[in-house]
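Just so it is clear, the model here is predicted, and its values are computed rather than measured.
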Amino acid sequence: MTKPIIDGLTAKKLRLSLGLTLDQMGEMLGYSPSPHRKAAVHRLETGEREISPIKARLLTAYRSGYRPEDWPQDVNKPKRKRGSYLHNA
């Protein structure tokens, strides 16, 4: 088995640095609206489920600054604290 392009912890750090909720990240990764969307993202972040190459590409694009037209408008990017793990997201 090959090493994933983006692991769950990196995905979680990225989501937090972007100021997205589990539900918002699920929407940005293409999950259909459902009561299970948050749980699906949680499973990716905990490593219970592997991040597909397509979702890894999306996460990489979001990390690089890409924002699609349907990006959540109510996102408040958290302030980074010195020494915070978010600096490496």
Exercise. Return yes if some donor-acceptor pair links the side-chain N/O of Gln24 with the main-chain N/O of Leu22 below 3.5 Å, else return no.
Key: no
Quiz prompt | Under 3.5 Å: donor-acceptor pair, side chain of Tyr62, backbone of Met28 | solution =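 Answer holds: yes.
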Could you pull out the closest heavy-atom pair between [X] and [Y], with the gap in Å?
{"X": "Leu44", "Y": "Lys55", "answer": "CD1-CD, 4.4 Å"}
{"X": "Gln73", "Y": "Glu69", "answer": "NE2-O, 4.5 Å"}
{"X": "Arg37", "Y": "Tyr31", "answer": "NH1-O, 3.1 Å"}
{"X": "Ile5", "Y": "Ala56", "answer": "CB-CB, 4.0 Å"}

Could you check whether any side-chain heavy atom of [X] comes within less than 4.5 Å of a side-chain heavy atom of [Y], counting everything from C-beta outward?
{"X": "Leu18", "Y": "Arg67", "answer": "yes"}
{"X": "Leu20", "Y": "Glu27", "answer": "no"}
{"X": "Arg63", "Y": "Thr10", "answer": "yes"}

Practice problem: Could you give me the CA-CA distance, side-chain angles and deciding distance for Leu59 and Met25, then say whether side-chain contact (heavy atoms from CB on, under 4.5 Å) is met? | Solution: CA-CA 10 Å; Leu59 290 170; Met25 181 58 88; 3.9 Å; yes
Spacing of [X] atom [atom1] and [Y] atom [atom2] [to the nearest 0.5 Å]:
{"X": "Arg43", "Y": "Glu50", "atom1": "CZ", "atom2": "CD", "result": "14.5 Å"}
{"X": "Thr21", "Y": "Leu16", "atom1": "OG1", "atom2": "CG", "result": "10.5 Å"}
{"X": "Ile6", "Y": "Thr60", "atom1": "CD1", "atom2": "OG1", "result": "3.5 Å"}
{"X": "Leu14", "Y": "Leu9", "atom1": "CG", "atom2": "CG", "result": "11.5 Å"}

Quiz item: Arg57: what forms a side chain to side chain contact (heavy atoms under 4.5 Å, CB included) with it, not counting sequence neighbours?
Solution: Ile54
